[in-house]
2 protein chains.
Amino acid sequence: MDVLLAVTLKDVAERAGVSRSAVSRTFTEGASISDKTRRKVEKAAREMGYRPSLIARSLATNRTKLIGLVANNFRNPVFLEVFDLFTQTLQKRGYRPLLVNLSTETDPEKSLDMLRQYRVDGVIVATSTLPPSFPSAFRKAGVPVIHAFGKFDSHADIHVVGIDNQRCGQMAAQTLFDRGYRAIGVIGGPQSATSTQDRLAGFEQRLKQLGIEQADVRFAHNYSYSAGRDAMIDLMSEKQVEAVFCGDDVICMGAMDAARSHGLSIPDEIGFLGFNDMNMAGWAAYDLTTIHQPTSDIISSAVELVVAMVDTPERSTETRLFPCSIVERSSLRPPPTDQVGGV
Amino acid sequence: MDVLLAVTLKDVAERAGVSRSAVSRTFTEGASISDKTRRKVEKAAREMGYRPSLIARSLATNRTKLIGLVANNFRNPVFLEVFDLFTQTLQKRGYRPLLVNLSTETDPEKSLDMLRQYRVDGVIVATSTLPPSFPSAFRKAGVPVIHAFGKFDSHADIHVVGIDNQRCGQMAAQTLFDRGYRAIGVIGGPQSATSTQDRLAGFEQRLKQLGIEQADVRFAHNYSYSAGRDAMIDLMSEKQVEAVFCGDDVICMGAMDAARSHGLSIPDEIGFLGFNDMNMAGWAAYDLTTIHQPTSDIISSAVELVVAMVDTPERSTETRLFPCSIVERSSLRPPPTDQVGGV
DNA sequence: ATTTATTTTGCAACCGGTTGCAAAAAAACG
DNA sequence: CGTTTTTTTGCAACCGGTTGCAAAATAAAT
């Protein structure tokens with residue numbers, strides 16, 4: 001049998017013949033302790049297999065080194081990258097992610113409550129499908145919070161790290177226009193998502209500026225292949241478009257397969273523009289031209305910010321936006337080559 | 001400004017005019033408390049926005065309600081389902097997952113240590129690419145541990161929940177044989193993964209029993225599309241096979257695309273059998289015939305078991321295996337129809 | 001109305017650390 | 001060497017809860 005009762009500070013102190021404070025200080029960064037006692041303590045600790053209890057420390061210091069990570073979109077492959085990056089980045093800084101899965105939770109209040117009870121040092125809300133009121137609730141509770149992938153708001157009382165969705169929508173419209181597409185469809189993400197709304201707004205605005213017909217719009221009811229396929233089937237049943245701008249790569253893949261089953265070839269008969277540039281976008285079966293969202297920038301920035309807020313809770317609200325860019329593959333006609341001197 | 005200092009037990013007790021114990025009991029399941037005081041306390045608590053500190057409770061009860069969730073495979077889409085299910089299942093039972101990302105961690109000991117310091121109530125190690133010695137380390141430290149997707153061992157000192165990989169390998173071989181494939185290739189997952197080894201062993205054993213040529217084997221160096229593609233390119237350069245059994249659906253998709261770029265059509269000229277039956281396997285561009293791994297059974301069982309172990313740490317070691325099954329799609333020739341009375 | 005059994009309550013110790021403060025020890029100074 | 005300054009140390013209180021125990025209050029039985 002093994003040590004079931006954890007060895008405590010007191011045990012080590014007794015063995016090393018010092019006070020409990022001395023042991024505590026040995027394991028506290030920057031505390032005043034002589035080399036001699038430190039060595040004594042470390043020896044005793046090693047021999048007994050002592051590890052300080054972060055729970056007890058948290059209670060005393062009022063810092064848990066836990067960061068809540070709230071998401072409601074577990075089935076979308078972008079979240080693989082998101083989780084991977086979040087966990088790694090937090091880990092590197094000595095923090096731990098406490099995951100909250102909101103995908104089925106009926107009552108977001110519940111999880112807010114849960115995170116508060118665990119006294120997390122901060123929260124990162126990583127979703128664009130929750131209303132800003134949700135992250136706000138944390139702020140009201142005095143918990144540092146970042147809304148990653150969120151909407152930046154004029155009244156902005158919470159930190160946002162993400163992209164300018166409206167500008168991305170404009171970029172999408174311009175891209176399709178430049179390649180000669182005129183009859184255009186859109187398959188957005190869930191209509192309630194702020195990212196969907198903003199991208200669509202930018203998209204339509206630019207189309208208008210360019211003076212072409214407004215796009216035919218559908219919304220996928222979630223970020224999934226089948227939702228994309230269904231939306232595309234619906235779109236095709238009603239209108240013939242030359243290109244489709246999708247609000248997410250997975251949705252786009254579903255839409256592409258729907259188009260193919262309908263006998264259309266990509267990009268000759270119909271073009272597709274995705275969003276996110278997730279890993280799979282490069283897979284040969286789709287080889288998707290898409291708008292790259294700088295996920296890893298967003299995440300490291302969000303982590304950096306939330307960690308900084310732990311020490312300066314009242315820093316003024318910031319919005320950090322990163323630029324998106326087109327990733328050229330083969331689901332759209334190529335851009336016109338700039339023939340110098342050509343007419 | 002809002003309440004920055006959290007309301008404590010004492011504050012509520014004073015306001016309600018009762019002792020601290022009374023407040024504590026109000027928030028403790030099954031404690032002895034009269035309805036009258038409970039109501040008084042609840043009223044005061046509500047008015048002050050009191051939420052018990054789980055940190056303090058953990059310290060006093062020696063239970064954190066945290067379950068460590070260790071994985072090293074964040075980029076494989078199966079893990080979307082895994083995370084989604086794990087977090088939800090734990091949440092439902094009042095536990096929280098404390099995520100550990102081992103994908104880049106050079107030293108697994110570090111994270112073990114971290115989890116111990118947080119005094120997690122239990123650990124679920126969800127990977128087949130770590131040696132059994134890793135979960136064992138938790139056990140030695142007196143922390144309940146489950147190895148999900150792990151290898152069940154004869155000397156089995158840790159609980160394993162997963163599948164019988166060897167039997168699955170046999171099933172794969174039999175399936176390919178039944179459909180008339182004779183020149184067969186295998187693209188396994190990473191060679192060091194126990195799941196890879198076991199499946200391969202079962203596969204080869206069955207081929208031998210069936211008296212056909214041994215398979216040509218390659219290993220993908222990780223669970224990724226590109227690793228699958230590379231392995232397939234390598235395989236094709238050396239030998240012409242009629243069908244390939246892949247150790248994972250993502251690997252399989254990479255392999256399929258490699259075959260297609262090589263001009264082969266699926267399933268007419270080459271067949272593919274995947275593993276896992278992840279969501280994407282049903283996507284039209286691949287439509288993969290694959291072996292279904294009952295992920296959700298494995299996960300709910302693992303959670304159930306780890307939670308049970310919190311109360312009975314010394315329950316005897318269990319191995320829980322769930323059956324796999326073939327999911328018929330279109331990447332393999334159809335099975336021979338059983339012509340009654342036929343020759 | 002007593003006596004007895006049951007339920008509810010508060011006291012106080014404890015969980016395992018941290019930290020301000022003053023005393024003790026060590027180092028620097030004259 | 002004695003003094004002054006700096007560093008190290010231990011004491012004791014605290015973080016915010018839980019819980020065994022005995023006293024107090026209530027309910028049941030006689």
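Here the structure is a predicted model, which means the values were calculated and not measured. Lettering follows sequence order; numbering is per chain, from 1.
- Below 30°, between 30° and 60°, or above 60°: for B/F83 and A/F83 the angle between ring planes is above 60°, a perpendicular geometry.
- Base contact: B/S32 has a heavy atom under 4.0 Å from a base atom.
- Each of A/S53 and B/V18 was assigned the nucleotide of DNA chain C with the nearest heavy atom; the assignment lying further toward the 5' end belongs to B/V18.
- For C/dG10, neither phosphate oxygen OP1 nor OP2 lies less than 4.0 angstrom from any side-chain nitrogen or oxygen of B/S21.
- To the nearest angstrom, P of D/dG17 lies 18 Å from CG of B/N62.
- Side-chain contact, B/T64 with B/S58: no donor N or O sits under 3.5 Å from an acceptor N or O.
- For A/R20 and C/dG16, a side-chain-to-base donor-acceptor distance below 3.5 Å is absent, hydrogens and geometry of angles not being considered.
- Going from atom CZ of A/F27 over to atom P of C/dT19 covers 16 Å, rounded to whole Å.
- Within 4.0 Å (heavy atoms only), B/T61 reaches sugar-phosphate atoms of the nucleic acid but no base atom.
- At the heavy-atom level, A/I33 lies under 4.0 Å from the strands shown only through sugar-phosphate atoms.
- Looking at heavy-atom distances under 4.0 Å, B/S34 makes contact with sugar-phosphate atoms alone, never a base.
- In summary, A/R320 and A/E318 engage in a salt bridge, as defined by a charged side-chain N under 4.0 Å from a carboxylate O.
- In summary, A/R51 and B/D113 engage in a salt bridge, as defined by a charged side-chain N under 4.0 Å from a carboxylate O.
- The side chain to side chain contact (heavy atoms under 4.5 Å, CB included) test with A/V161 singles out one residue from A/L305, A/L321, A/T319, and that residue is A/L305.
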Quiz item: What does nucleotides 24-29 of chain D look like as a protein-contact string, B for base, S for sugar-phosphate only, - for none, at under 4.0 angstrom between heavy atoms?
Solution: ------
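- Mapped onto DNA chain D by nearest heavy atom, B/A56 and B/R25 fall at different nucleotides, with B/A56 at the one closer to the 5' end.
- Listed by first and then second residue, the side chain to side chain donor-acceptor pair (under 3.5 Å) pairs involving residues 14-25 of chain B are B/R15-B/E47 (not counting sequence neighbours).
- Here B/L54 lies out of heavy-atom contact (under 4.0 Å) with every strand.
- As judged by a 4.0 angstrom heavy-atom cut-off over every strand, B/T28 is placed among residues touching the sugar-phosphate backbone only.
- The pair A/R63-A/D311 meets the salt-bridge criterion, since a charged nitrogen lies less than 4.0 angstrom from a carboxylate oxygen.
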